[in-house]
Every structure is written in C-alpha cells, then in structure tokens.
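Right, one structure below, let's go through it.
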Amino acid sequence: MNNQLLKVGLGSCGIAAGAQDVYNYLSSDIDKNNYPGLDLGKTSCIGLCFAEPIVEFHEGDKRIVYGNVDIKLAEKILKGISTGVLPEENRILEEKGEGKRVAADDNIVKYTGRQVKLALKNCGIIDPESIEEYTARGGYKALEKAVNSMQMQEIIDVMKESGLKGRGGAGFLTGQKWEFLLRAKGDKKYLVCNADEGDPGAFMDRAILEGDPHVVIEGMIIAAKATGAYKGYIYCRAEYPLAVKRLHKAIADAKEKNFLGEKILGSDFSFDIIVKEGAGAFVCGEETALIMSIQGGRGMPNLRPPFPAESGIHQSPTNINNVETYANVPGIILNGPESFNKYKSGNSTGTKVFALAGKVKRVGLVEVPMGLTIREVVEEIGGGSSTGLPLKAVQMGGPAGGCIPESMFDTPINYDSINATGAIMGSGGLIVMDASSCMVDVARYFLQFTQNESCGKCTFCRIGTKRMLEILERITTGSGTIKDIDMLEELANHVRKTSLCGLGQLAPNPVLTTLKYFRDEYLAHVNDKKCPAGVCRSLIEIKIDPDKCTGCTLCARVCPVNAIAGERKMTHVIDSGICTRCGMCIQKCKFDAIYRI
Amino acid sequence: MGCTCCKNGNSALNAEAKDIISITGKEKEKTIPILQEIQSRKGYIPEDLLREVSGVTGIAVSDFYSVATFYSQFRFTPLGKHLIRVCNGTACFVSGADILFDTLSDLLKVGDGETTEDGLFTLETVACLGCCSLAPVVMISGRVYGKQNSDSVRKLISSIIADEAKGEKTAAEAGQTGGTA
C-alpha cells in the first residue's frame, strides 16, 4: 500500500488565512470516507505567507504543494487522491517527483532560490509538536556531541569561530557573551531566551518558536552546557499563545527523553527551562528590563554596568540571547563553524531571517545569507512592488531602526553596511514602502509607538519623545514650520544621547533617517502644506474628475459618510467638509475618475 | 476557613484567591502570572479579588497595582462581549490601518480601549498581530479578518449586531477571509 501524506501549514499566519478550517475539513472527510494509506499531518509556517493556506501532498518522492487552498480545493485534492489523479490547478506552487506535470511556479523558484535555511531548517517541514520528527532530522545530535565529547571552552571556541552575532539586533558576538558568563563568579548562573518580539511588523521569532521549538531549546541546553548555567527562562510575548503552548509541549517531551532536566543524557550536567509569559511592554525586550520583568516587577531598565553577565536575575550572572541566535547553535555545533561562516559579508557571517512585508508581491518569512543586497531581497525574493507604484524605501529594525531609500538598495546585508545607512539590522522586520507611503507619517508612526512604550524613567525619552511627536503631528497636519524641523533634529540628538537604554537611544532613528533621506518630503509639508504621497489627511483633498466621471453612482453608494452627491449619469461631487479621506471611493471607482490632491 | 484579614471576608472570593495561587504559586516573582491568571478567569482585574489575593500572598495591593498598570495586557474594567482589535503593525499601518480604526471608532462611538455602552464591543489597537501578509487586519473575538477596508469592517459590525439581535451566539462570516487564531 502506498504511504500518502497530506500536510497542512498551521502557523499563526496560516491559521489566520483559514488553514485550520481546511485542516478540520480534511480531517473530518478522511474520518468519514476511507482513504487507505493516507495520513494527515501538520507543520508550521513554511514561509510562503503570501500563498497561505498551504497544503502539501507527499507520496514516495512525489511532492505537490498547493497554495491558497480553500475548502473547495481541499475537496478536489481528496477526490484526486481517491481517483489517483490530483487536480492540476493553477494553485500548484511546486511539483516534484515522477509524473510531474506542472513546472514549478516561477514565483516560488525566485522566492526560494536565493534563500539559505539554517535557523529555519525545519520550519514548515516537521510537525513542531513531534520530538520524533525533530530527532529524525538530526535534532539533539548536537547536544549529544556537546555533552559527550566537548569541553565548555571548546564549545565557546566553536561559537566564536562561527562568528555568530546576537540576532536580536545589537549584534554582539555570541561566543564572547557566553565566555563572559563562563568566567563570571557565582554558583547559580542563568540563561534567558529573549522571545519578547515586540517590533510591529516582525514575526521571525514567533515563526521559529511555533515551527521548530526544539531547535531553540536545544540551543539553550548547549549554551547551558558551555557556560555552567543551571536554569533557563524563555521570556515569550503573551500575544503568542500558540508559541507558548508548543514550547510547553516541547519542554515536557525533551525532559521525557532526558535531553533536559536532571543528569542530561546520563552525564553530570543538569539544566531546566521555564517559560515566562510577558505582559505587553515593548521595553522588556531590553535585557535589564526583561530581567526586572522575570523577577515579577515593572519592566524598567537599569544602568549597565554591571552587565547581566555579572549581575542579572537575582543578582546572579545571566546570559541573554534572542530566539534566532539560539536556533543557530545546534547547526554550528553539529556541522562545525565553517558550515555557518562560509556565508560571509564584511564582518558578518551566516544568515539572517527577515519578516518581509509591506508593499511587496511575495510577503513572507525569508532567510538569506549575509551579503545579499536589499534589492535582491526586495525584488528577486519579494517580487518587487505589489501595487505597481515605484518602491520608495525599506524600513529595517522596527521602531529602533530606520528607512533606507531605494537609491541605496544595492547595500549588502551585513551589520556594518546596514548600520552605516543609519538604520539597524534589528531583529529582522523588513517593511517595503512604495510611493504611496508618506515618510513623515512613517516617522510619526514609529515615534508614536516608542513614545507610548517609553517606560518613563529617563526625562528625555519620556518628555523628549513626546515633544518630538507633537512636532511631527504639527507637520503632518499642516501647521509645522521650518523651525520645527530644526527643533526636531536637535531634540532627536538629545534623546539619543541622554537615554539609559536602547529604546530611548534608538527612538530618534526613524526621524533622523527620514530627515536624512527624505528631507524634501518634510519641506513639502512645511512650506507647501502638501503631502507628496497623498497620505496626511489634513493636507489632501479627494476630488472627482468631471471629464472621467460617468455618474455611475458607485462612489456615492460606498462612501461611508455620505459625502458624495450626484444624480445618475451626472458628474458627482465630494463635500470636502464631510469627507474623511478614507479612500473607499478611489478603490471602487472603475473609471479612475477620483484622485487625491 | 474564612478570610482572616477583615471581618466581612467573602469566603467564595477567598476560595478563588487560594485556587489562583495554587496554580501560580505565591512568591513575589509570580506577580505577573497571578495577574494573568486573574484576568484569564475574569476578563479583567477586579479590585475585590485582587485585595483577596493580596491577603493570601502577602504581596501588597500597591505592588500588584504598580505592575498591572505598567503592562498593556492588564485591564481594570470588564471587556465587551466582542473584542475588536485593530492591528497597527507596520505592514497594516502602510496599508491603511488608521482608516479602519477611525471607521470603527466613529461607528461605535468609542475610543481606543473603550467599551460601547451596551457592552457589546470593546475596541482597541494592538501593536502587531503578525499576520502581515493579510494586512490590514482586524481581529474580532479571536477571529482574524484580513485585507479589510472601511466598507468591509462596517459590514462585519452590522452582521454581528444583526446576529446579536437574532440571538445567535457567533458572528457571521460576511464573506471574509478568516480563521480563529
């Protein structure tokens, strides 16, 4: 009998697109009708977010990947399995193996062609809730190697040689950080995995935790073995319930197999991991604030030094790494540092995971080798602009990062080059913006975010960002002056210099980079009272072109505030006083007769 | 055994407080898990229960309050029947999330974090729901609705109101992309 398998991608984003409904349908139909030899499996985020929900069919070496699957297509697939002829839909993303009929979707070839999967090696392939599937792909082999045949210093040396830098954003050499902990004095040493992914528009860590929780756990256990830590915390964002659930299961399973807990794999080494749920405070991504939060208090940062490596949780030596950093550890230990540092650009090695989103055709989770240019990521992997409008910039690093203009898209991705632009590598949010994005409004958006998330400890971060936000609000509503721009720059520099932690120090970045690269947009708002991108609602009007309007009445019917008047077959008119500039009419007009001015 | 800290102790409240800490533990380090447990049971942090928990744990009410006001997860008023969360992540922002929020805010006559007078809806913005490929996104009662505009969110709300009027329990789908997340 043939062994057939249908696999559904059940990450948070897949579920949001309707994958759970598809899975439930398949599961109930398979129960009802007998499909001999057919199994139904799950996996997590495959990274092809733009084609969710995704269903894969496997039989021997045959593999067919369907994208944008709805119940109707699921029904056809099941029918195809019973008749032996699978539907040859235009929704096949990829087909492999004997009897292949459809050439791989060009989009997928481009999307996957430039990627290198190290941290995401298992994501979208294994069932994240099955430790057996993880070990079948070499999981916990690196731990065995570290426990059975490596000394502490040896592990640290391998990590240093690999060149892996902290993937949370700061980019500090991981091996060196571990060495600090190893050398620190203290009986009780702690490890923390920072999974408080708070950047808006970033979902890399969530995808790893949901898709391959064991790789993070294995990475932490190896770090504990190397540094002598006895207890670890995974501080996970509370908004990620599925990640938390899968972590709990993975920890229990790892304990049962003796990869975690007392006397790991029969050695003298013991280590335990506890999952702590955050409660929604962006500043807790900062390591000293995170420690305060783990201890049960308000997550407010402290002055460094002392660094956590000397005095962290309960004043004991503590090492903090990000999810993606730990996820890279097992591969480096098992396959050697060369397997990682063979990808090299400038002073950076390995790969980086990005959440590619915004105005780009193929939105998804991508992992690229260092040295690929921004243009290659945006245009080759992402497929370029999704709207047809020219691309204007990418935003990297979230609220702490900055905007890099299209003219600099040939910048290679590595820590030094990205920092040189004024943006930061950050944790991996990469938002693409087209001509319809107003860069002043983007700066205002990020500043509103950091202002709201400032813990209030430092005066300049608390009040300075507030004043900066007020200035940006003045500019975007048309009451800004040239003096405001100078004041904004001056304040930005003060906030940067006088804040205790990264949140405040980096908060001005979105403002400074947009001032640097898109100053003309600021000037247009201030001098001409115009928003060139047509975004800032106080500065635009929506008008109907009488030459193009056919009087079809569609706009008047969709207008949510009844601001459009006109008889059938007569030119319609918008009452600017009532109009909220929501743009519904522009979206609906079939004759391109409505425009922003 | 009733409450020992005041004579009007409510024994049901006391039992609940003890039940909560039997799950979370009662050390200072457990302040956040205790608050999370209270909120997952009640939907918010009721003062009477918090005082009772303070009594059984020995953690001061002011300490609880200090922590609870710091984190955006905790609320001190009950939630409406349907929680509407408008995603304000960067991808949603560049796709017009503000228009969705303004539409809903105008329609329901509530601001960020507020609940309608009839207790049917609570409206809030959320930093990022991480469904960037579906931007702009609105989550209503745990279900994600992707690629929304001001017209479609209005229809979603009307269909919920219509269903409520009919006495049905769940919101109709109004032809949207969506799944429970």
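Proteins get letters first, then strands, A, B, ... in listed order; numbering begins at 1 in each.
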Inset, instruction - Answer yes when A:Arg444 and B:Asp98 have at least one side-chain N-carboxylate O distance shorter than 4.0 Å, and no when they do not. - result: no
Inset, instruction - Taking the side chain as every heavy atom from C-beta outward, state whether A:Glu52 and B:Ser133 have any pair of such atoms under 4.5 Å apart. - result: no
Legend entry - Between SG on residue B:Cys132 and CD1 on residue A:Ile431, distance to nearest 0.5 Å: 6.0 Å
Legend entry - Proximal component of B:Ala135, with respect to chain A [non-hydrogen, under 4.5 Å]: neither
Inset, instruction - Output yes when a side-chain donor or acceptor of B:Gln36 lies under 3.5 Å from a complementary backbone atom of A:Gly278, and no otherwise. - result: yes
Compile the donor-acceptor pairs under 3.5 Å between side chains in residues 83-94 of chain B and protein atoms, sequence neighbours left out, one pair per line.
unit_1, atom_1, unit_2, atom_2, d
B:Arg85, NE, B:Glu124, OE2, 2.9
B:Thr90, OG1, A:Pro200, O, 2.9

Inset, instruction - Kindly indicate whether the side chain of A:Lys359, heavy atoms from C-beta on, has any atom under 4.5 Å from the side chain of B:Ser95. - result: yes
Legend entry - Any residue meeting side chain to side chain donor-acceptor pair (under 3.5 Å) with B:Thr125, in chain and number order, not counting sequence neighbours: B:Asp112
Legend entry - Any B:Ile99 side-chain heavy atom under 4.5 Å of A:Met584 side chain: no
Legend entry - Full working for side-chain contact (heavy atoms from CB on, under 4.5 Å) between B:Ile32 and A:Lys276: CA-CA 9 Å; B:Ile32 295 171; A:Lys276 280 260 178 190; over 6 Å; no
Inset, instruction - Spell out the residues in residues 58-78 of chain B that have some non-hydrogen atom less than 4.5 Å away from a non-hydrogen atom of chain A, in order of number; otherwise answer 'none'. - result: B:Ser66, B:Val67, B:Thr69, B:Phe70, B:Tyr71, B:Ser72, B:Gln73, B:Phe74
Legend entry - When A:Gly299, A:Gly398, A:Gly429 are compared by non-hydrogen pairs under 4.5 Å with chain B, the top option: A:Gly299
Inset, instruction - Mind ranking A:Phe449, A:Tyr445, A:Tyr240, A:Phe446 by heavy-atom pairs under 4.5 Å with chain B and telling me who comes out on top? - result: A:Tyr445
Legend entry - Those residues that, when tested against A:Tyr233, pass side chain to side chain donor-acceptor pair (under 3.5 Å) (two or more places apart): B:Glu29
Legend entry - B:Asp102 bridged to A:Arg581 by N-O distance under 4.0 Å: no
Inset, instruction - Select, from A:Ala207, A:Ala19, A:Cys13, A:Gly297, the one with the greatest count of heavy-atom pairs under 4.5 Å involving chain B. - result: A:Gly297
Inset, instruction - Return the option, out of A:Ile294, A:Val360, A:Val535, A:Thr580, with the maximum number of heavy-atom pairs under 4.5 Å with chain B. - result: A:Ile294
Legend entry - Between SG on residue A:Cys585 and CG on residue B:Asp151, distance to nearest 0.5 Å: 11.5 Å
